[in-house]
Amino acid sequence: MPAPAASSPQAEATDPGGSLATDLLDWYDRHRRVLPWRALPGETPDPYRVWLSEVMLQQTTVAAVKPYFAKFLALFPTVEALAAAPESSVMAAWAGLGYYSRARNLHACAKAVAEAGTFPDTEAGLRKLPGIGAYTAGAIAAIAFDRKAAAVDGNVERVMSRLRAVETPIPAARPALRALTEAVVPERRAGDFAQALMDLGATICTPKRPACALCPWMRPCRARAEGLQETFPRKLKKEKGVLRRGAAFVAVRAGDEAVLLRTRPAEGLLGAMAEPPTSAWLPDYDPAKALLDAPIDARWKRLPGLVKHGFTHFPLELTVFAARLAAGAPAPEGMRFTPRDRLDEEPLPGVMKKVLAHALAKPAGEAPSAPVAAPAPDLATPAEPERPARRGPLQKPVSNRPSQLARVVKKPPKPAGSR
DNA sequence: GATACGTGGCA
DNA sequence: TTGCCAAGTAT
């Protein structure tokens with residue numbers, strides 16, 4: 001069991017006089033970040049933008065969110081426009097950002113809000129909407145409606161665990177960290193306080209090498225006082241899961257150069273997203289028997305290499321099979337053909353873009369085919385030069401690392417006789 | 001409380 | 001290369 005804090009936390013568990021909040025807000029007024037979804041001083045926050053950004057930012061970095069936020073505002077300028085859009089359009093716009101239940105819930109939430117006419121303006125009201133949990137409800141209530149609410153995310157948990165030297169590991173410490181945060185939220189400027197706390201965690205009280213000398217809370221910080229700031233928050237290490245294997249089947253139809261795709265089940269892993277047909281993904285999957293899982297009778301060719309991908313809870317290796325079908329071939333029940341230049345309209349998750357990039361790289365002896373239209377640059381690039389095909393079970397894995405993928409898809413090493 | 005659920009960046 | 005992490009939610 002965790003050791004008790006170095007000294008009694010009770011004496012410091014509240015913020016008498018609000019000096020913590022005041023010091024943080026003063027710091028925020030000087031150092032606040034400018035972000036696309038954030039109102040400038042004096043501006044009125046737009047609940048739609050606040051909500052959209054908060055959902056996108058769940059477990060996702062600011063840098064990753066920025067282009068998606070801009071795209072969504074362009075495609076869906078209002079919550080009514082988002083509510084009126086087909087779900088497949090929303091999923092396609094979200095493709096690549098991950099955690100696709102967020103997109104499904106976003107759409108459902110937009111419909112509920114459009115039906116009601118406005119966003120709820122209380123934490124409790126917001127909490128009832130799909131995709132809005134404790135953190136997001138507090139963040140929207142505080143930021144968009146200036147309600148006195150705490151927005152406790154990973155940044156805030158880190159800041160508060162250091163400030164109070166909380167020895168209990170996360171996630172068990174979450175209720176206590178929320179209570180510690182709520183005790184510091186000021187009566188006025190709760191929205192700025194929420195954003196200030198997140199800015200502090202993102203820019204000063206960082207996971208590694210925090211810039212304590214610049215921190216407005218350096219003096220009251222218990223972890224800093226003991227030089228242990230980098231050791232908080234305490235955490236239990238989590239398991240990474242057992243490797244699963246499977247096969248993916250990329251069929252291209254002659255004539256229109258269309259790719260055979262299907263939509264995954266509405267719930268669960270990659271729910272409602274598109275994919276080329278795949279086998280089940282199992283720890284003991286045998287690629288040698290993969291043709292039994294092929295979606296259609298064709299001359300399937302096993303491609304050299306593997307597509308590797310890391311999910312949150314398990315790593316995956318897919319063996320890719322490719323085939324060319326006759327012009328005019330019909331799609332099997334529940335599947336469809338999508339021309340290569342319209343793949344950007346499909347909600348393809350990252351792992352499936354890797355599979356297509358792997359398979360659609362120019363096969364030896366075949367004419368180059370039309371590039372995929374943006375925004376699927378990883379599919380739009382020229383094929384890699386042919387590599388010597390390997391025989392036998394040992395195949396060189398194609399890493400799922402972006403740099404490696406880029407090398408495979410984007411930067412063929414030394415095209416023979418060119419440049 | 002534990003588990004499922006993506007992706008890209010970085011040391 | 002591998003592991004860890006980043007503005008969590010739903011079941």
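We name chains A, B, ... by the order of the sequence lines, and we start the count at 1 in each one.
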To the nearest angstrom, the CG-C1' distance between A/Asp153 and C/dT9 comes to 14 Å
Test side chain to side chain contact (heavy atoms under 4.5 Å, CB included), reference A/Trp51, set A/Leu129, A/Val113, A/Leu106, output is A/Leu106
For this session: Measure centre to centre between the rings of A/Phe69 and A/Phe72, then say whether the value is under 6.0 Å.
Result: no
Picking from C/dG8, B/dA4, B/dG6, the nucleotide nearest the side-chain atoms of A/His313 would be B/dA4
A/Thr136 has its side chain closest, among B/dT7, C/dT9, C/dG3, to C/dT9
Would one find a side-chain N or O of A/Arg127 under 4.0 angstrom from OP1 or OP2 of C/dG8?
no
N/O donor-acceptor pair, side chain A/Thr61 with base B/dG8, under 3.5 angstrom = no
Looking only at side chains, do A/Arg245 and A/Ser279 share a donor and an acceptor under 3.5 Å apart?
no
Should A/Glu230 and A/Lys208 count as an ion pair when the cut-off is N to O under 4.0 Å?
no
Sorted by position of nearest nucleotide on DNA chain B, 5' first, the leading residue of A/Pro349 and A/Ala172 is A/Ala172
When rounded to whole Å, the NZ to P distance for the pair A/Lys66 and B/dG8 reads 18 Å
Kindly say if A/His309 contacts the phosphate of B/dG6, meaning a side-chain N or O under 4.0 Å from OP1 or OP2.
no
A/Lys240 atom NZ is separated from C/dC4 atom P, nearest whole Å, by 9 Å
note: A/Arg104, atom CZ; B/dG6, atom C1'; distance rounded to Å ~ 12 Å
Q) Is there a donor-acceptor pair closer than 3.5 Å between any side-chain N or O of A/Arg33 and the backbone N or O of A/Thr203? A) no
- Using a cut-off of less than 4.0 Å, is there contact between a side-chain N or O of A/Tyr100 and OP1 or OP2 of B/dT7? yes
Ignoring hydrogens and angles, does a donor from either the side chain of A/Thr60 or the base of B/dG6 sit under 3.5 Å from an acceptor on the other? yes
When rounded to whole Å, the CZ to P distance for the pair A/Phe314 and B/dA2 reads 21 Å
Taking for A/Gln59 and for A/Pro171 the nucleotide of DNA chain B with the nearest heavy atom, the one nearer the 5' end belongs to A/Pro171
